[in-house]
Amino acid sequence: MNMHQQHKSGTDPYVEFIDVGVTKLSPAGTTMLILDQISFTARKGEITGIIGASGSGKSTLIRLCNRLDDPSVGTILLNGQNIATIDPLLLRRKVAMVLQKPFMFEGTLLENLQRPFLFRGVVPPSAESLEIARVLDLVQLPAKMLDRDARSLSGGEQQRVNLARALVNHPEVLLLDEPTSALDRPSTAHLASTLSNICHHEHLAILVVTHDLYLAEHIVNHLIYLEAGHIVEQGICTKMLAMPQTTAFSNFLTQPERAQPSSS
Ligand SMILES: Nc1ncnc2c1ncn2[C@@H]1O[C@H](COP(=O)(O)OP(=O)(O)OP(=O)(O)O)[C@@H](O)[C@H]1O
């Protein structure tokens, strides 16, 4: 089933990039243009996918959203407010990042979900709390797993614990960098349905960097194709995959190492 149909389509602008550019100094001391004239809007209730070859600037773009990196030029708005004016710690609670490789703290799954509360100096919710039940339900993990040693969980389960840990802070935006790179196809499909479910129920803006056309085809609403730091093409994902408007994107899709999108 195509999970696009499950979405309540959101229309509120949420994260807006306006002519954003990033330059860095190379080890040789020359200026390198990493991102140039990046403008797009990621809306609540939608999944925005960022796709492109290695080194095209995808991770840098997503890191700008919670100020792990700052733009050299341009403006990034979160619900209309320039993120440069928001305290980075507060911003990162609103804009949560889920890393490529799941990171588990020592201890049980429950203790991993309680961590964000301890970081904030707040009494953490118990195993029986509605808060823990809410996030377990969102990421489709059974409550009987709460006592398991988090590091003994499978890669797919750890990825969902990662997501649940990001969701306990009630973020408004979720950033994911290559969330399926370490997963097999069944776990990828499970994560895809989980992300779609979270986007729908929590009405979040989700931005996901991916090489995975399965993920793009099944859950991404708005797709951005990056090449050498530029947006070459962006638009409705299903339309872009069906009918690329540029030779560059068409070539990217037909590279032999890329699995063709299925029609399911
Ligand atoms: N702090 C930095 N200093 C210098 N160059 C950087 C820095 N961060 C990123 N780059 C360069 O910017 C370019 C884009 O990097 P980025 O990690 O955003 O690409 P990517 O599309 O996410 O790549 P991949 O798919 O391989 O993870 C690369 O050439 C990288 O070497």
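Numbering of ligands and ligand atoms starts at 1, following listing order. Counting from 1, the numbers follow the sequence of the chain as shown.
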### Message
Test of understanding: with ring pair (Phe, Tyr, Trp, His ring centres under 6.0 Å), list the residues that count as partners of Tyr225, not counting sequence neighbours.
### Response
Phe249, Phe252
### Task
Mark yes or no for whether Glu111, through its side chain, and Thr108, through its backbone, hold a donor-acceptor pair below 3.5 Å.
yes
### Task
Report, in ascending order of atom number, the atoms of ligand 1 lying under 4.0 Å from any heavy atom of Thr60.
15 (O), 16 (P), 18 (O)
### Message
Just verifying a value: how many Å separate Asn82 CG and Leu77 CG, rounded to the nearest 0.5 Å?
### Response
6.0 Å
### Heavy-atom neighbours of Leu130 CG exceed 12 at 6.0 Å
no
### Query
For atom 19 (O) of ligand 1, what's the nearest protein heavy atom and its distance?
Gly57 N, 3.3 Å
## Note on the structure
atom 25 (O) of ligand 1 sits nearest the protein heavy atom Lys58 NZ, 2.8 Å
### Task
Count the heavy atoms belonging to other residues, nucleotides or ligands that lie under 6.0 Å from CG of Leu118, then report whether that count exceeds 12.
yes
#### Entry: Gap between atom CD1 of Ile50 and atom NE2 of His222 - 0.5 Å precision
9.5 Å
### Message
Less than 3.5 Å apart, any donor N or O on the side chain of Asn169 or Arg120 sitting next to an acceptor on the other?
### Response
yes
### Message
Students should be able to answer this: which protein heavy-atom is nearest to atom 17 (O) of ligand 1, and at what distance?
### Response
Ser59 CB, 3.8 Å
### Message
I need the nearest protein heavy-atom contact for atom 26 (O) of ligand 1: residue, atom name and distance, please.
### Response
Ser54 OG, 2.6 Å
### Query
Atoms of ligand 1 less than 4.0 Å from Ala53 heavy atoms?
21 (O)
### Message
List ligand 1 atoms under 4.0 Å from His211, heavy atoms only on the residue side.
### Response
25 (O)
### Query
Would Gly52 count as a contact of ligand 1 if the rule is a heavy atom under 4.0 Å away?
no
### Message
Only heavy atoms of Met32, strictly under 4.0 Å: list the atoms of ligand 1 that pass.
### Response
4 (C), 5 (N)
### Query
If you round to the nearest 0.5 Å, how far is CD1 of Ile219 from CG of Leu191?
7.0 Å
### Query
So which protein heavy atom does atom 23 (O) of ligand 1 come closest to, and at what separation?
Gly55 N, 2.8 Å
### Residue part near ligand 1, for Lys24, under 4.0 Å between non-hydrogen atoms
side chain
### Query
Should Glu178 be counted as touching ligand 1, given the test is an N or O pair under 3.5 Å?
no
### Query
Would one find an N or O of Ile34, backbone or side chain, under 3.5 Å from an N or O of ligand 1?
no
### Query
Hey, is atom 11 (C) of ligand 1 touched by any protein heavy atom at less than 4.0 Å?
yes
### Query
Tell me, which pairs form a ring pair (Phe, Tyr, Trp, His ring centres under 6.0 Å) where one or both residues lie in residues 75-101, sequence neighbours left out?
none
### Message
Below 4.0 angstrom, counting only protein heavy atoms, does anything approach atom 31 (O) of ligand 1?
### Response
no
### Message
Tell me whether Glu202 is salt-bridged to Arg134, with the criterion being a basic N under 4.0 Å from an acidic carboxylate O.
### Response
yes
